[in-house]
Amino acid sequence: MCGIVGYVGPKQAQDVVVEGLRRLEYRGYDSAGVALVVPGDVISLAKRAGKLANLEKALADSPLPASHTGIGHTRWATHGAPNDVNAHPHLGHERRVALVHNGIIENFADLRARLEADDHVLLSETDTEVVAHLVELQVESGVDLTTAMQRVCQVLEGAFTLVAIDAHDPDRVVAARRNSPLVVGVGDGEHFLGSDVAAFIEHTREALELGQDQVVSITREGVEITDFHGHPAEGRRYHVDWDLSAAEKDGHDWFMRKEIFEQPRAVADSLLGRRNQAGLLQLDEMRLSDDEIRDVDKIIIIACGTSFYAGMVAKYAIEHWTRIPVEVELASEFRYRDPILDYSTLVVAISQSGETADTLQAIRHARTQRSKVLAICNTNGSTIPRESDAVIYTHAGPEIGVASTKGFLTQLVACYLLALYVAQVKGTRYGDEIDEIMVQLEAIPQQIETVLAGAQQVYDLAREHTGTRSVLFLGRHAGYPVALEGALKLKELAYLHAEGFAAGELKHGPIALVEEGLPVLCVVPPRGRDQLHEKMISGIQEVRARGARTICLAEEGDTRIEPYADVLIRLPRVPVLLQPLVATVPLQLFACELATLMGHDVDQPRNLAKSVTVE
Ligand code: F6R
């Protein structure tokens with residue numbers, strides 16, 4: 001997830017673009033850059049690694065020439081480290097076209113190889129630079145920038161918003177989108193492009209929403225929209241009545257709520273570009289050789305908090321699909337128990353921020369014992385992936401709300417991908433089985449949409465619980481970590497006593513907590529594993545018989561659960577191992593809404609920080 005801005009009009013483009021980037025910085029802050037078409041028909045460009053402030057300082061020291069046409073970008077790195085060279089905008093071979101990009105070009109490796117075979121020198125590790133070269137090749141062949149963009153989009157695979165300028169066409173900015181956001185700001189004698197309306201809300205509140213697979217060309221005079229084949233198309237015009245803070249949150253009251261609703265997109269992005277042309281899984285930054293993977297005889301997952309719960313889910317998937325034994329350990333405890341590690345142990349460190357001190361110290365310890373460390377991380381260039389032997393980036397985009405939501409779901413995706421990749425290399429699953437699971441994973445974003453469409457039921461439920469002092473969560477198998485995660489969310493946001501239990505464990509003590517009217521949220525496993533489902537129902541009966549109010553999350557069509565549920569929240573039908581991807585969402589919504597109703601600051605709960613850099 002990156003922030004993108006484009007401008008053409010009477011104002012100084014540098015000022016408008018940098019201002020827009022400041023409004024979009026919440027979308028990414030690894031690096032920033034701006035490119036302008038300046039007199040003499042050349043591109044003038046500045047870009048810097050790090051926060052926007054670094055770029056602003058560079059521009060203050062040496063401002064770019066005056067210009068009325070420009071583009072800008074604030075980056076959340078996906079391909080390549082967050083440094084000056086990989087920062088956007090990127091230029092074509094002749095420095096005629098400058099281009100910025102949000103998203104992932106899945107077939108960039110093939111396209112890059114073809115360009116390099118034609119003697120193109122690519123300076124960065126990004127997928128974006130490839131597109132800049134391709135668009136420039138088209139304009140050099142004599143077509144206009146709009147046609148060039150249409151033609152290039154026809155060969156691109158993946159998700160992208162692209163915005164480009166051509167030094168030989170100084171009064172135009174052209175953009176395209178597929179599965180990635182882009183809005184047009186309609187001004188008086190000026191037009192804007194942005195990843196969202198926050199980019200231009202200070203200048204205009206009139207906006208045009210683009211459809212899928214569309215190209216838009218803006219000039220001072222107007223806006224032209226086509227599809228990728230040049231056929232005229234239309235955008236949806238609307239008036240924005242949000243203030244700036246709501247605009248940054250896409251109209252939501254909290255970043256956390258926005259991030260919950262972003263999860264279908266985040267999960268889809270996390271799955272993008274993971275298979276090659278032959279359909280085989282490939283994990284880009286997985287710097288472990290097949291031989292090293294074949295040598296692995298034990299996996300230890302280390303993580304903290306929500307990331308630890310992702311690790312607990314991963315254990316079920318990895319053991320089932322690869323038959324390699326997995327231990328899951330709190331990072332803060334790991335090195336103090338003198339764990340048994342050697343070169344055939346793979347340590348998997350899961351961290352959204354990539355900076356958690358407990359996890360970092362644990363991987364340092366593992367590496368001194370000659371174990372290989374693989375990081376699952378959302379933050380490109382952060383310390384944990386830098387100190388690891390291999391990394392899988394989760395591609396969720398920045399998570400601003402302190403409580404992890406899309407970070408968690410995309411960590412789960414990365415864990416499933418890791419498990420399937422190891423299964424592919426070790427041959428513990430047939431290719432068609434791996435294919436089938438990938439298809440099931442690819443259907444998940446749509447299924448999360450279904451859960452989100454039912455948010456109102458969860459909000460109503462939260463309203464009924466504003467006076468509650470204690471809530472229990474029950475789950476079994478992969479639903480057990482979901483129960484723990486639901487309880488953690490409620491503790492950290494609503495400051496309530498909340499506990500998650502494995503349903504079978506209740507009778508060994510915790511059932512004494514149950515009293516008349518106590519809300520118990522139960523994550524009911526899908527019926528695919530009959531025994532699991534039946535055992536869960538027994539657990540629910542036990543608490544209900546003692547007066548608990550049971551709120552059950554159960555799949556569509558599960559009628560067996562109906563007599564035991566005081567409240568029933570329906571989940572889409574998914575395989576048991578993937579159920580955490582859908583079952584966690586109502587629990588996030590519940591905690592977010594209850595905390596809101598209780599008047600708490602949901603984005604910055606008391607006593608908590610987003611990156612915990614002390615042990
Ligand atoms: C809870 C939460 C924390 C983090 C934990 C680890 O909502 O966000 O429990 O999961 O502090 O952080 P990372 O994943 O950045 O290492």
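We count ligands from 1, going down the list as the structure has it; atoms in each ligand are counted the same way.
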For [X], take its heavy atoms, then give the atoms of ligand 1 lying under 4.0 Å from any of them.
X    : result
K489 : 1 (C), 7 (O)
S351 : 13 (P), 14 (O), 15 (O), 16 (O)
A403 : 7 (O)

May I ask you to check whether T306 has an N/O atom sitting below 3.5 Å from an N/O atom of ligand 1? yes

What is the nearest protein non-hydrogen atom to [atom], stated with its residue, atom name and distance?
atom                    : answer
atom 11 (O) of ligand 1 : V612 CG2, 4.2 Å
atom 12 (O) of ligand 1 : T356 OG1, 3.5 Å
atom 15 (O) of ligand 1 : S353 OG, 2.6 Å
atom 6 (C) of ligand 1  : C304 O, 3.4 Å
atom 7 (O) of ligand 1  : E492 OE2, 2.5 Å

Applying side chain to side chain donor-acceptor pair (under 3.5 Å) between E485 and each of T584, T405, T306, report the one that passes.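 Only one of T584, T405, T306 forms a side chain to side chain donor-acceptor pair (under 3.5 Å) with E485, namely T306.
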
Are [X] and [Y] close enough for a salt bridge, meaning some N to O gap below 4.0 Å?
X    : Y    : result
E56  : R48  : no
K315 : E319 : yes
K51  : E25  : no

With a 4.0 Å cut-off on heavy atoms, is E355 touching ligand 1?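 E355 does not count as a contact of ligand 1 under the 4.0 Å cut-off.
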
Does ligand 1 have an atom under 4.0 Å from some heavy atom of V402?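 Right, V402 reaches ligand 1.
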
Atom CD1 of I551 and atom CZ of F590: how far apart are they, to the nearest 0.5 Å?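 Going from the CD1 atom of I551 to the CZ atom of F590 covers 5.5 Å.
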
For the atom pair CZ (F408) and CZ (F308), what is the distance rounded to the nearest 0.5 Å? 11.5 Å

Taking the side chain as every heavy atom from C-beta outward, state whether E387 and L360 have any atom pair closer than 4.5 Å. yes

